[in-house]
Amino acid sequence: MDKLKILIVDDDKLAQKVLAGHLGAHELCFASSLAEAKRCVEAGRLHICFIDLQLGRDDDRSGLQLIPLAAAKGVYSVVVSSHDSEELVDKAYGLGCDDYYIKGNEEANVRSILGKYLQKRSALGVDHLFTRQFITQDPATKAGILDAIKYAASDLPIIILGPSGTGKTSLGRLIHDHSERKGEFVAINCSAYTEELLEAELFGYKKGAFTGAAESRKGRLAQADKGTLFLDEIGTMSLNMQTKLLKAIEERTFYPLGAERPETSDFRVISATLEDLQGLIAQGRLRFDFFQRIHGLTVPLKPLAQRPCDILPLIHFFAKGLKRLSFSPDAKSCLLSHSWPGNARELKRLVGLLASGHEGRVTREHVLRHLTHFPSARTPSSVGFVTEDQYRCALRDGLNGSVDRFTREIVQRNLAENGGKKTRTLSALKISTRLLYSALKPRPESRTGRTPDGRPA
Amino acid sequence: MGDRPELRGLLHDLQSKSASLGSAARLLKGDPSSAREMLPLMIQETKEILLCLREYRKRIAGDVSDE
């Protein structure tokens, strides 16, 4: 983060020192009186100003006079006072202060205030955010990302919901980059490990903890100290593992495998999943208390097919540094009508394929040549409503079984896209409550399309 | 206390100084190396808190003796 120039206005030297202790990384200046503070603000180039209202025992809250002056100079002003009457707080905000907190709560406030200031400043550079860091033109996606960045500086856990390839990890990293956390961004895909391996990966282990543990190894929790732990595919984690991780998240301490002493780590949790977490709780696959620990802000990411306005900007982004591509109108129309089951990841792969081919001018045929590898492609040349995969599934599982699977997948996907709001899914899919709950109920794996008691699934 | 604004001012001062002292102690806990810089200020703040309390006692009871 840039070094900010910050003015601390307080007649109490200890209060100045306390704030300085929390703002050590920045360029600080101090003022003990109103006159001194005015001179500093007038001199300019300040980013933030922390203002104590009462500057001296007999002073009548002269700090208030500084607020409009700071606002006029574009300085982000923060009132730090032990006065907490509603009238005074209203007055300070009315004069143009940006934040107000009660003296003695520096730990809880200073970091988030710096985050809010950066957020406000970067709001001006928001175009840069959506054209360089997370490419999107979709208003709902932009709003969700800005919301997430607003909370980046807090320790609040965040859940990112979205299908594979929509940019969940990129968004997790973006949130980390906008936080004040100095540690690393440590990502782990929970579905890529067995329970035992995941435990060793997360908690680490000591030499000799198990066969093959020739050396001690630091786990991801320890790596994420003062940083962010990104748990991808959180819905695939076993209940047993959830119990262990819950304790570590709650207490920020954990035992590496084979260790006799606990280790501590100050990590912030961001989780991602494509599954409906409320549904997983209802199915008994997700502990409610674990969900409570990882659930703070929920940011939904829509599939690429639902934000076609992002397709061409993403192509330009992915093509940077590669051969310049020019798309014919029918190639563009083909790209815009494709269902993109692999989302942005699939698009990136397509751009790579097109750019490494010979054609600079891309036609519909070039696009189709590469898109045909995806069975669920919905290009203009696709025939009928049912894809080849769905047809094969019906032959294999029976028609009832495949219809049931089709129903469940659509309901669960829509529910995830709606952030778990069942009423929205009921209305979007025009289905009955009974069908919704039936689709969310866990089914035993069946190849015949029938439940174990012989009823149609 | 509504008719004693000077007491309200004293209590406000006390509240402000105690808050700073609490924050300083928490900061010191997290960074013991800052003791050399922080302790003199903390001791001074504590003295001022005591002065505040004595002043308060004086105003409500007229008693200035230090028990």
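Everything numeric here is computed off the predicted structure, so don't read it as measured data. Chain A is the first sequence line, chain B the second, and so forth, proteins listed ahead of strands; every chain is numbered from 1.
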What do you reckon, is CD of A:Glu251 surrounded by more than 12 foreign heavy atoms closer than 6.0 Å?
-> yes

Atom CZ of A:Phe185: over 12 foreign heavy atoms under 6.0 Å = yes

Heavy atoms under 4.5 Å from chain A: which residues of residues 18-26 of chain B carry them?
-> B:Ala19, B:Ser20, B:Leu21, B:Ser23, B:Ala24, B:Arg26

Spacing of [atom1] belonging to [X] relative to [atom2] belonging to [Y], to within rounding of 0.5 Å:
X       : Y       : atom1 : atom2 : result
B:His12 : A:Leu53 : NE2   : CG    : 8.0 Å
B:Leu27 : A:Leu19 : CG    : CG    : 9.5 Å
B:Leu41 : A:Lys17 : CG    : NZ    : 7.0 Å

So, the part of B:Ser16 with a heavy atom under 4.5 Å from chain A: the answer is both

Flag side-chain contact, heavy atom, 4.5 Å: A:Asp12 against B:Lys17 | yes

